[in-house]
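See below for the structure under consideration.
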Protein chains: 2
Amino acid sequence: MSKTLKHDLKADAILNTGMELMWSRGYNATSVNDIVKAAGIPKGSFYFYFDSKEDFALKAIDMYFENHFGPAMKVLNDENFSPKERLLNFYEFRANILREELHCKMGCMCCNLANEMAEHNEEIRKSVALKSSIVRGHILKVMIEAQENNEINKMVDAEHLTDFIEDVGKGAMITMKEMNSSQPIDNTITIIKTLLLR
Amino acid sequence: MSKTLKHDLKADAILNTGMELMWSRGYNATSVNDIVKAAGIPKGSFYFYFDSKEDFALKAIDMYFENHFGPAMKVLNDENFSPKERLLNFYEFRANILREELHCKMGCMCCNLANEMAEHNEEIRKSVALKSSIVRGHILKVMIEAQENNEINKMVDAEHLTDFIEDVGKGAMITMKEMNSSQPIDNTITIIKTLLLR
DNA sequence: TATAATTAGACGACTGGTCAACTATTAAAA
DNA sequence: TTTTAATAGTTGACCAGTCGTCTAATTATA
């Protein structure tokens, strides 16, 4: 095992632990002390693996994206289903994660950080915006297929419909936290099925 | 002028100034020092007018609601327009505030605080949830009227449609911050008109 | 022995909050 | 009308603790 690999493995371990904290508490409420304590490393080591707290956050965003987007992507691109079915499976898959894994508490880390930091930290804003645009691109492809198949509503063009549904999801996550309930997520899925993708 | 009135006037002045900070930066990134500096008062005075930083935030939420909900309410209940027109005017009114006054930066203070604090501060969560439910009630009344008038879509019941549209708005505010653009707001209004309230 | 990896502890700045001393205002008593 | 006592409002120094960051020293590897 090379040193750089070992280095990266340890950095990833710290990221994995600290990411959960920043996901739940946000950027400003998560201190470097919290992270090193949770990861069980001395404080000095943090700055051997990361340039700064901001650097940690940016790398946490990258890791979050890699860990969480991959599985959802598999659902979105599963050729066993029609484009419309893949879209519905994709939204259901993400809804279930919010409902079951996260107990209606934490929402999406990228959305949380964007909401808290976008106005004041351009690096974080750009990083999250890039991730969003990648997700958007993948959904859009399937959305266009579904429209061409005449499987879903054509009154609104695919780009606007894609953006719209992504926004509903983001908003439902805020309401979910606010109400401490999965009802907003359930409602979102229901209406997407009823009105948007019919 | 009674003492208590004078007291309340000064407390309101501090709130007005500090609220803007907390709106923009969030709870954890706004220090008591920031607030007293912006308000031009000594630090000691802060704790004469407020029990704690949390108490300040709760009172800021109340003031935000009073200052911002009233004008929107007038639009929603303007009897010169039909229920559907009132709904559209209402959503347009709020969209314009986001676009023009806030330069696509700050979003809604209640949503911001809910997203940042709901999981970790039950008082703030409950306060914001209460405000949301009041807004919801007013929109719902008009939404039901519009459905009874056959002015808008009846495929989804009024409650779910109301919640859904509120969530789109919340999500569009996150995307607005993320992209630093009013495009998500414009898109939201367009699709509400095209698909939901037709 | 030379180099790389790791770390303890300290840095100055800042956190939310307290407090005793202070002045301004008010109302009752003389 | 003046004096007095009580209260309301104001103040900055100060607390213990934490913040993000850095460096000098140590330990492990080659």
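Labels below follow one simple rule: chain letters A, B, ... track the order of the sequence lines, proteins then strands, and each chain is numbered from 1. When reading the values below, keep in mind they use all heavy atoms of this one structure, side chains included, and skip hydrogens, waters and symmetry mates.
Counted by atom type alone, Arg86(B) and Asn89(B) present zero donor-acceptor pairs between their side chains at under 3.5 Å.
Along DNA chain D, the nucleotide closest to Ser31(A) and the one closest to Asp51(A) are compared, and the more 5′ of them pairs with Ser31(A).
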- Note on the structure: Note, DNA chain D 5' to 3' with Watson-Crick or G-U pairs under 3.5 Å encoded as ( ), [ ], | and . gives .|||||||||||||||||||||||||||||

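Comparing dT18(D), dG16(C), dT6(C) against the side chain of Phe48(A) picks out dT6(C) as the nearest. Taking only side-chain atoms of Val32(A), from C-beta outward, the nucleotide of dT11(D), dT21(D), dT18(D) with the closest atom is dT21(D). In the set dT11(D), dG9(D), dG16(C), dT11(D) carries the atom at the smallest distance from any side-chain atom of Ser45(B). With distances taken from any side-chain atom of Lys10(A) to the nucleotides dT7(C), dG9(D), dT18(D), the minimum falls on dT7(C).
Phe56(B) comes within 4.0 angstrom of no nucleic acid atom, judged by non-hydrogen atoms across all strands.
Counting to the nearest Å, the C1' atom of dC22(D) and the CZ atom of Phe46(A) are 13 Å from each other. In this structure, the CZ atom of Phe50(B) is 13 Å from the P atom of dG9(D), given to the nearest Å. One interatomic measurement links the two molecules: NZ of Lys53(B) to P of dG17(C), which rounds to 8 Å at whole-angstrom precision. For the pair Tyr47(B) OH and dA13(D) C1', the interatomic distance rounds to 15 Å; values are reported in whole Å. If you take CD1 of Ile41(A) and P of dA5(C), they are 16 Å apart, rounded to a whole angstrom. In this structure, Asn33(B) places its CG atom 18 Å from P of dT18(D), rounding to the nearest Å. In this structure, Asn28(A) atom CG and dG16(C) atom P are separated by 11 Å, rounded to whole Å. Here dG16(C) presents its C1' atom at 9 Å from OH of Tyr27(B), a figure rounded to the nearest Å.
Relative ring orientation between Phe46(A) and Phe56(A) is described as tilted, the plane-to-plane angle lying within the 30° to 60° band. Note: Trp23(B) and Tyr64(B) have perpendicular aromatic rings, judged against thresholds of 30 and 60 degrees for the angle between ring planes.
The local environment of NZ in Lys141(A) is sparse, with at most 12 non-hydrogen atoms from other residues, nucleotides or ligands closer than 6.0 Å.
Under the 4.5 Å side-chain heavy-atom criterion for Ile, Leu, Val, Met, Phe, Trp and Tyr, Val142(B) and Ile144(B) are members of distinct hydrophobic clusters. At a threshold of 4.5 Å between side-chain heavy atoms, the hydrophobic network of Ile, Leu, Val, Met, Phe, Trp and Tyr places Leu88(B) and Val156(A) in one connected group.
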- Query: Going through the distances and angles, do Phe90(B) and Ile139(B) end up as a side chain to side chain contact (heavy atoms under 4.5 Å, CB included)?
  - Reply: CA-CA 9 Å; Phe90(B) 174 71; Ile139(B) 301 173; 3.6 Å; yes

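Taking side-chain N and O atoms only, Tyr49(B) has no distance below 4.0 Å to OP1 or OP2 of dG9(D).
Between the base of dG9(C) and the side chain of Lys43(A) there is no donor-acceptor pair shorter than 3.5 Å.
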